[in-house]
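Notes for the one structure printed next.
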There are 2 protein chains.
Amino acid sequence: MSANSRLTLAAHALAWIGLYQRQGHEVATSEQIATSANTNPVVIRRLLGELRRAGLVESRRGVGAGWSLARELESMTLLDVYEAVEPGPLFAMHRTTPDQGCVVGYGIQPAMQGIYEGIEETLRHELARVTLENVLRDVLAAPR
Amino acid sequence: MSANSRLTLAAHALAWIGLYQRQGHEVATSEQIATSANTNPVVIRRLLGELRRAGLVESRRGVGAGWSLARELESMTLLDVYEAVEPGPLFAMHRTTPDQGCVVGYGIQPAMQGIYEGIEETLRHELARVTLENVLRDVLAAPR
DNA sequence: TCCCGTTGCAACCTTTGCTGTTACGACTGC
DNA sequence: GCAGTCGTAACAGCAAAGGTTGCAACGGGA
């Protein structure tokens with residue numbers, strides 16, 4: 001599976017903004033977050049843009065601009081973040097339509113479709129159990 | 001997520017071989033399976049090679065060669081197939097190591113690591129609940 | 001009114017992984 | 001020896017993600 005770091009990076013950004021705000025700052029810049037994540041500010045802006053569309057963060061422009069949380073970390077779950085940054089399904093069907101004249105080729109897609117739906121529902125449920133507050137607590141609990 | 005059709009294709013191939021054997025045939029060829037899946041025989045051989053390494057199928061060479069199941073479909077689960085064809089973890093960490101001098105950059109990877117492990121364990125449990133026999137039954141149950 | 005720092009966004013390149021394709025050697029029953 | 005199939009390497013094509021550059025838009029302050 002082409003492993004995807006978008007969820008990790010989004011959680012990183014949210015935890016960073018949340019911690020920064022608790023330290024008394026109003027907004028965080030993509031530059032600061034990019035430094036922490038060791039990547040490019042544009043990558044952060046793109047990702048935070050998706051989170052903004054999902055209502056998780058807000059952005060201000062002009063002087064003293066930057067990003068702030070739209071909700072408390074306690075009320076954000078990894079499922080919210082996952083849905084904001086991961087569009088497609090977990091498992092894909094065939095690239096090309098199987099032979100519809102073959103019994104297996106005809107029935108395989110509806111069969112796997114149904115199975116995958118149940119599995120993804122369970123995945124969503126698991127993701128919904130973890131709040132960004134949990135994430136930040138785990139981050140701060142890392143032993144030095 | 002770069003959606004991955006390997007699990008779907010592997011399930012297709014196993015269901016095809018299983019059904020073919022129940023119809024009284026000894027072995028199935030990669031050519032036949034490729035026709036059903038509407039792809040290239042080499043793609044099928046590569047994938048079945050991974051399933052062979054996992055002990056799910058066997059192959060014979062020479063005249064009258066082909067593939068056969070190494071176990072009954074009832075004793076194979078989607079987890080067996082998943083582990084055979086999907087090497088990496090479901091969610092990836094950052095591409096580049098985050099800033100270890102930053103509290104969040106330092107703690108984010110162990111934090112997400114622990115969270116992801118729990119989620120993947122649940123995913124494995126779900127995959128283990130579905131046997132290839134279930135898959136074949138669903139395939140044959142597709143309405144014409 | 002101008003300046004400055006930041007977001008918003010488009011365009012492009014590079015890398016990576018999967019898939020498709022061709023080619024050919026290895027094997028085995030006849 | 002022949003024919004049919006696997007086993008595998010090599011390469012091209014394609015798509016997605018990430019990285020990079022460039023620049024317009026915004027808005028508070030001087």
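Not measured: the values here are computed from a predicted model. Chain letters run A, B, ... following the sequence lines, proteins first, then strands; residues in each count from 1.
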| task | Kindly write out the residues that satisfy salt bridge (charged side-chain N to carboxylate O under 4.0 Å, His left out) with R53(A), not counting sequence neighbours, or none if the list is empty. | result | none
| field | Rounded distance in Å - CE (M93(A)) to C1' (dT19(C)) | value | 17 Å
| request: Ignoring backbone atoms, test whether R52(A) places a side-chain nitrogen or oxygen under 4.0 Å from the OP1 or OP2 oxygen of dT7(C). | output: no
| message | Classify G49(A) by what it touches in the nucleic acid, base, sugar-phosphate, or nothing, heavy-atom distance under 4.0 Å. | response | nothing
| field | Length of the line joining W67(B):CH2 and dT28(C):P, which is rounded to integer Å | value | 14 Å
| request: Let me know the distance between CD of E50(B) and P of dT8(D), rounded to the nearest Å. | output: 11 Å
| request: May I have the distance from E31(B) (atom CD) to dA3(D) (atom P), rounded to whole angstrom? | output: 18 Å
| remark: Applying side chain to side chain donor-acceptor pair (under 3.5 Å) to Y106(B) and not counting sequence neighbours gives none
| Within the structure, does a side-chain N or O atom of T29(A) lie under 4.0 Å from either OP1 or OP2 of dT7(C)? | no
| message | Give me each pair satisfying ring pair (Phe, Tyr, Trp, His ring centres under 6.0 Å) with a member in residues 43-71 of chain A, each pair once, sequence neighbours excluded. | response | none
| said: At 10 degrees resolution, what angle do the end axes of the helix from dT1(C)-dA30(D) to dC30(C)-dG1(D) form when each is taken over five base pairs? | reply: 0°
| field | Partner residues of R124(A) under the salt bridge (charged side-chain N to carboxylate O under 4.0 Å, His left out) criterion, sequence neighbours left out | value | E83(A)
| task | Please identify each residue that fulfils side chain to side chain donor-acceptor pair (under 3.5 Å) with T122(A), with sequence neighbours left out. | result | E126(B)
| field | Atom NE2 of H125(A) with >12 non-hydrogen neighbours under 6.0 angstrom | value | no
| Counting any heavy atom closer than 4.0 Å, what does G64(A) reach on the DNA or RNA strands: base, sugar-phosphate only, or nothing? | nothing
| request: Can you sort out the partners of T97(A) under side chain to side chain contact (heavy atoms under 4.5 Å, CB included), two or more places apart, ordered by chain and number? | output: Q100(A)
| Hey, does the side chain of E120(A) reach the backbone of L90(A) with a donor-acceptor pair shorter than 3.5 angstrom? | yes
| message | Please tell me if S59(A) has a side-chain N or O lying less than 4.0 Å from either OP1 or OP2 of dT6(C). | response | no
| dT5(D) P sits how many Å from I44(B) CD1, rounded? | 15 Å
| message | Under the salt bridge (charged side-chain N to carboxylate O under 4.0 Å, His left out) definition, can you give me all pairs with a residue in residues 35-48 of chain B, not counting sequence neighbours? | response | none
| Below 4.0 angstrom from OP1 or OP2 of dC6(D), is there any side-chain N or O of S30(B)? | yes
| request: In whole angstrom, give the distance that lies between atom CD of Q32(B) and atom P of dG4(D). | output: 14 Å
| query | What one-letter contact string describes nucleotides 19-27 of chain D from 5' to 3', where B marks a base within less than 4.0 Å of any protein heavy atom, S marks contact via sugar-phosphate atoms alone, and - marks no contact? | reply | BBB---BBB
| field | S36(B) and H12(B): side chain donor to acceptor below 3.5 Å | value | yes
| query | What residues form a side chain to side chain donor-acceptor pair (under 3.5 Å) with R52(A), not counting sequence neighbours? | reply | S59(A)
| request: Under 4.0 Å from any atom of DNA chain D, heavy atoms only: list the residues of residues 17-27 of chain A that qualify, in numerical order. | output: none
| query | Over how many whole Å does the gap from R53(A) atom CZ to dT7(C) atom P extend? | reply | 15 Å
| So which pairs with a foot in residues 63-72 of chain A pass salt bridge (charged side-chain N to carboxylate O under 4.0 Å, His left out), sequence neighbours left out? | R71(A)-D80(A)
| message | Of the listed nucleotides (dA17(D), dC6(D), dT6(C)), which one gets closest to any side-chain atom of N4(A)? | response | dA17(D)
| query | In whole angstrom, what separates L51(B)'s CG from dG7(D)'s P? | reply | 12 Å
